[in-house]
Amino acid sequence: MKKSIVLHCLCAIFATSHSQNKTPIMSKSIQAPIAAVKPNISEKFGEVRTDNYFWLNDRENPKVIDYLNQENDYYNSATAASKDFQTALYDEMKMRIKEDDESVPYLYNGYYYITRFETGQDYPIYSRKKGSLEAREEIIFNCNELAKEHKYFQLSGLSISQDNQFATFATDVVGRRIYTLNIKNLKTGEILADKIENVTRSSTWANDNKTIFYTRQDEKTLRSDKVYKHKLGADTATDVLVYFEKDDTFDVSVHKEKSKKYIVIGATSTLTSEYRTVLADAPDGKFKIFQKRVRGLEYSISHFGNHFYIVTNKDKATNFKVMKTPEEATSKENWQEVIAHRNEVLIEDIEIFKDYLVVTERSNGLNKIRIMPWKGKAEYYLPFESETYTAYTTSNVDFETDILRYGYQSMATPASVIDFNMKTKTKEIKKEQQVLGGNFDKNNYTEERVWATATDGTQVPISMVYKKGLIKNGKNPLLLYAYGSYGISMDPYFSSTRLSLLDRGFVFAIAHIRGGEDLGRQWYEDGKLLKKKNTFTDFIDCSKFVIEQKYTDASHLYAEGGSAGGLLMGVIVNMAPQLYNGVIAQVPFVDVITTMLDDTIPLTTGEYDEWGNPNVKKYYDYMRSYSPYDNVAAHDYPNLYVSTGLHDSQVQYWEPAKWVAKLRATKTNDKVLFLDTNMDAGHGGASGRFEALKELAKEFSFLLDLEKIKK
């Protein structure tokens with residue numbers, strides 16, 4: 001169940017030959033920094049672990065900051081000769097972007113809402129028009145103005161009051177996902193004095209236009225654990241604690257139902273859900289438990305008419321089913337089946353309209369959108385004919401419509417927003433992503449889905465795209481990407497920036513490895529806890545497959561992953577370093593044992609159902625057997641580019657920093673090893689759309705340099 005991530009090149013773009021008489025731009029002669037060794041001894045289940053770089057776990061220590069700056073200086077010096085190429089790549093990617101772009105407007109409560117960008121600006125402008133797209137534009141927020149004094153800026157959690165007069169919004173100016181909640185009077189433009197610090201971005205209005213529910217997090221662990229109620233104009237010190245979640249494996253959220261009838265508090269962990277509701281017209285009432293938590297019971301709720309509709313795994317429905325219950329009797333014994341469980345089809349989500357139920361499904365690794373009229377007319381699926389694609393519902397905030405808005409894209413097809421009339425079965429493409437520069441034609445690229453055989457015989461799909469005319473001779477550079485955790489499916493998607501690789505002869509591929517939900521819920525179950533190693537061996541087997549099928553060979557194969565996908569990168573370079581010429585590990589979760597044993601680190605306790613609790617020996621032993629930091633060995637490693645953010649709240653910066661320090665002291669070859677720390681950002685990297693391109697240019701330059709492609 002899910003609720004559920006650009007100039008026409010001035011020089012010729014072509015697949016450069018990979019002759020060996022050229023040398024990489026990256027310099028190996030510059031001395032890399034060596035981190036001080038300060039042994040820290042720990043013991044668990046009789047095993048003594050020595051961590052020589054534990055001291056890096058202190059962002060307030062000037063020596064730590066000095067070391068990170070030394071690593072950045074080393075990276076910049078070692079790649080100095082490629083800076084012009086990085087700039088050219090940045091310009092090339094930027095020039096493909098339509099800078100003065102805007103979203104497809106959607107109608108909500110009498111206003112059309114639009115997000116747009118202006119030429120040369122990094123940040124979005126949020127605006128609206130009353131009643132008609134021809135009406136005067138009302139600027140809600142110009143984030144370019146708000147971001148001027150900050151190196152990092154993010155505005156999120158925008159929520160509009162029922163009378164359309166006020167907006168709550170959350171801002172983060174550090175990158176650590178600790179927000180400040182503010183309220184704006186949209187009639188006067190005034191930012192009210194009701195300023196609330198150290199919150200999440202989750203907030204919603206009751207129907208009285210003066211009561212706001214918002215969530216707070218634990219100051220140390222950053223776990224979202226409290227829901228508060230604020231009255232417009234009141235002293236924030238008097239805000240009422242509505243709900244506190246004691247179980248440190250759960251997070252809380254708050255939202256208003258699409259029907260606008262209920263405010264809902266959600267408390268969820270990896271395996272278990274629990275919701276509470278109160279009438280949005282009576283925000284001072286008592287929240288009622290919808291269905292009390294039962295370990296292993298997952299459900300989500302959507303209100304419609306006199307019922308709630310529920311997507312749930314009740315009664316061992318591994319791939320979920322849809323049920324409903326009267327709004328006055330919501331405990332599970334009252335739930336009635338609407339759509340039965342199917343072993344081959346994962347139900348991901350539902351959208352409710354007055355005349356239709358729309359179900360987002362997944363089968364054989366592909367998205368399906370199912371249209372079900374309430375009044376018994378024949379149901380049907382939207383037709384998608386591509387071999388590999390992504391389809392998804394988008395902004396559908398209105399019950400009283402026959403129009404379903406959905407998105408569609410593939411690895412060669414730019415993203416489109418489509419309005420589909422569920423009654424007439426006609427569609428209107430509202431917008432297709434523009435790729436500027438004059439030379440893009442999706443027909444110049446081939447996309448396909450192939451299947452690799454894993455070690456245990458499981459068939460693992462791989463989606464790939466490359467320039468037409470590619471010859472499978474084992475000489476093509478190939479970048480293999482994957483994530484493989486938390487049941488997050490890594491669907492094939494279009495990227496205009498990726499063209500900078502494809503047009504230079506690269507194959508780009510996504511390995512749909514276990515740990516995601518790409519092939520259903522069991523695909524996730526078979527890639528977590530004591531089956532986590534399937535994630536890693538699947539990726540390695542996919543790597544062997546693309547080599548065996550002569551898409552590439554080990555001297556031209558590259559791997560990339562971030563966060564939990566960065567853990568994947570850390571494992572594969574320990575297990576099968578000989579398969580890869582280079583690896584990009586973005587904000588990698590590589591110090592699994594130390595992190596999971598420290599329940600003061602953000603997000604740790606909520607991860608026990610994903611990775612296991614290392615305070616239990618069987619989980620400790622299993623994690624210990626694959627944790628990248630603990631398994632660094634004296635062998636040859638591929639070229640490595642490792643990135644992190646100093647303020648990362650998801651994966652603390654010291655994990656990649658320690659990992660790189662240990663690799664430097666242990667590995668037996670002289671291939672390049674870079675640690676690149678963004679000192680002004682967190683888990684998501686730079687906040688501006690163009691600043692993010694500079695980070696991507698670094699990664700592409702790393703790959704292209706290893707391929708000896710210099711223009």
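All figures in this text were calculated on a predicted structure; none of them were measured in a lab. Here, residue 1 is the first one in the sequence, and each next residue gets the next number.
- Using modelled atom types, one finds no donor on one side chain facing an acceptor on the other under 3.5 Å when comparing Lys83 with Thr87.
- Between Tyr466 and Glu447, the side chains place no donor N or O within less than 3.5 Å of an acceptor N or O (distance only, hydrogens not considered).
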Would Val546 and Leu557 count as a side chain to side chain contact (heavy atoms under 4.5 Å, CB included) if you check the C-alpha gap in whole Å, the side-chain angles of each, and the deciding distance to 0.1 Å? CA-CA 9 Å; Val546 296; Leu557 179 56; 4.2 Å; yes

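- Nearest heavy-atom pair, Pro628 versus Val592, reported as atom, atom and distance to 0.1 Å: CD-CG2, 4.1 Å.
- Tyr408 and Ser386 are linked by a side-chain donor-acceptor pair at a separation below 3.5 angstrom, with hydrogens and angles left out of the test.
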So Tyr580 and Ser543, side chain to side chain donor-acceptor pair (under 3.5 Å) or not? Walk me through it. CA-CA 9 Å; Tyr580 310 97; Ser543 302; 2.6 Å; yes

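- A donor-acceptor contact shorter than 3.5 Å is absent between the side chain of Lys472 and the backbone of Gln549.
- Inspection of the Asn574 and Tyr637 side chains reveals an N or O donor paired with an N or O acceptor under 3.5 Å.
- Minimum interatomic distance between Phe506 and Leu479 (heavy atoms only, all atoms of both residues): CD2-N, 4.1 Å.
- Partner of Glu92 under the salt bridge (Lys or Arg N to Asp or Glu O under 4.0 Å) criterion, chosen from Arg498, Arg504, Lys711: Arg504.
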For Tyr126 and Tyr113, run ring-ring contact (aromatic ring centres under 6.0 Å, His included): C-alpha distance rounded to whole Å, both residues' side-chain angles, the deciding distance at 0.1 Å, then the answer. CA-CA 8 Å; Tyr126 297 100; Tyr113 286 86; 9.9 Å; no

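- For the residue pair Glu71 and Tyr67, a side-chain donor N or O sits within less than 3.5 Å of a side-chain acceptor on the partner.
- Between Ile513 and Ala482, the shortest heavy-atom distance links the atoms CD1-CB, 3.7 Å.
- Using a 4.0 Å cut-off between a side-chain N of Lys or Arg and a carboxylate O of Asp or Glu, Lys151 and Glu691 do not qualify as a salt bridge.
- The closest side-chain donor-acceptor pair between Glu655 and Thr595 falls under 3.5 angstrom.
- Between the side chains of Gln409 and Tyr392, at least one donor N or O sits under 3.5 Å from an acceptor N or O.
- The main-chain N or O of Val672 is found under 3.5 Å from a side-chain atom of Asn639 such that the two form a donor-acceptor pair.
- Using modelled atom types and a 3.5 Å distance limit, the side chains of Thr200 and Ser202 yield no donor-acceptor pair.
- Rounding to the nearest 0.5 Å gives a distance of 13.0 Å between CG of Leu646 and OH of Tyr152.
- The shortest side-chain heavy-atom distance between Leu673 and Arg664 falls under the 4.5 Å cut-off.
- The pair Lys431-Asp419 fails the salt-bridge criterion, with no side-chain N (NZ, NE, NH1 or NH2) lying under 4.0 Å from an Asp/Glu carboxylate O.
- A distance of 5.0 Å separates CD1 in Ile30 from OG in Ser77, rounded to the nearest 0.5 Å.
- The shortest distance between side-chain heavy atoms of Phe117 and Tyr123 does not fall below 4.5 Å.
- With Ser489 contributing its side chain and Asp518 its backbone, the two residues share a donor-acceptor pair below 3.5 Å.
- Considering CD1 of Ile540 and OG1 of Thr535, their distance stands at 11.0 Å, rounded to 0.5 Å.
- Between the side chains of Ser555 and Asp553, at least one donor N or O lies within less than 3.5 Å of an accepting N or O.
- Side-chain atoms of Asn678 and Glu695 form a donor-acceptor pair, as typed in the model, at a separation below 3.5 Å.
- Atom CG of residue Leu501 and atom CD of residue Glu699 lie 10.0 Å apart, to the nearest 0.5 angstrom.
- Taking Asp66 as the reference, Gln70 meet the side-chain contact (heavy atoms from CB on, under 4.5 Å) condition, with sequence neighbours excluded.
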Evaluate the criterion side chain to side chain donor-acceptor pair (under 3.5 Å) for residue pair Ser127 and Glu137; output intermediate values, then yes/no. CA-CA 7 Å; Ser127 67; Glu137 181 185 45; 2.9 Å; yes

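- Using bins of under 30°, 30° to 60° and over 60° for the plane-to-plane angle, the ring pair Phe702/Phe674 lands in the perpendicular bin.
- Residues Leu640 and Lys671 form no side-chain contact, since every pair of their non-hydrogen atoms from C-beta on lies 4.5 Å or further apart.
- If you check the side chains of Thr677 and Tyr653, you find no donor sitting under 3.5 Å from an acceptor.
- Look at Arg449 and Glu387 and you find no salt bridge, because none of the NZ, NE, NH1 or NH2 atoms lies under 4.0 Å from a carboxylate O.
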Under the criterion side chain to side chain donor-acceptor pair (under 3.5 Å), I'd like the reasoning laid out for Thr388 against Ser463: C-alpha separation, chi angles, the key distance, then a yes or no. CA-CA 7 Å; Thr388 178; Ser463 298; 3.2 Å; yes

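- At a threshold of 4.5 Å between non-hydrogen side-chain atoms, the residues Phe508 and Tyr481 count as touching.
- Shown here for Phe700 and Leu89, the closest heavy-atom pair between the two residues is CB-CD1, 4.1 Å.
- Residue-environment remark: CG (Leu133) exceeds the threshold of 12 foreign heavy atoms within 6.0 Å.
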Side chain to side chain contact (heavy atoms under 4.5 Å, CB included) between Ile547 and Leu579: does it pass, once the steps are laid out? CA-CA 9 Å; Ile547 291 173; Leu579 292 177; 4.1 Å; yes

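- Side chain of Asp705 to backbone of Ser701: no donor-acceptor contact under 3.5 angstrom is found.
- In this structure, CD1 in Ile114 is found 6.5 Å from OG in Ser103, a value given to the nearest 0.5 Å.
- Residues His512 and Pro492 have side chains in contact (heavy-atom distance under 4.5 Å, counting atoms from C-beta outward).
- Side chain of Asp591 to main chain of Trp659: no donor-acceptor pair is present (N/O by atom type, distance under 3.5 Å, no hydrogens or angles).
- Annotation: cation-pi pair Lys694/Tyr90 present, NZ/CZ under 6.0 Å from the ring centroid and within 45° of its normal.
- Here the rule is side chain to side chain contact (heavy atoms under 4.5 Å, CB included) with Tyr551, and of Ile462, Leu480, Val450, Asn476 only Val450 fits it.
- No side-chain heavy atom of Phe494 sits under 4.5 Å from any side-chain heavy atom of Val465.
- Under a 4.0 Å N-O distance rule, the pair Asp636/Lys667 does not qualify as a salt bridge.
- Atoms CZ and CZ, from Arg201 and Arg177 in turn, are 7.0 Å apart once rounded to the nearest 0.5 Å.
- Remark: Asp503 engages Lys467 in a salt bridge, criterion side-chain N to carboxylate O under 4.0 Å.
- Between Phe141 and Phe169, the ring planes are tilted. Angles from 30° to 60° get that label.
- A cation-pi arrangement is present between Lys662 and Tyr629 under the rule of less than 6.0 angstrom and at most 45 degrees off the ring axis.
- Classification of the Tyr406-Phe384 ring pair by plane angle, with boundaries at 30° and 60°, yields perpendicular.
- Using a 4.5 Å heavy-atom cutoff, the side chains of Thr390 and Asn367 are in contact.
- Counting heavy atoms from C-beta on, the side chains of Gln586 and Glu560 come closer than 4.5 Å.
- In terms of heavy atoms, Ala564 sits closest to Tyr486 at CB-CE1, 3.9 Å.
- For the pair Phe690 and Gly120, the tightest heavy-atom approach, listed with the atom from each and the gap, is CE1-C, 4.0 Å.
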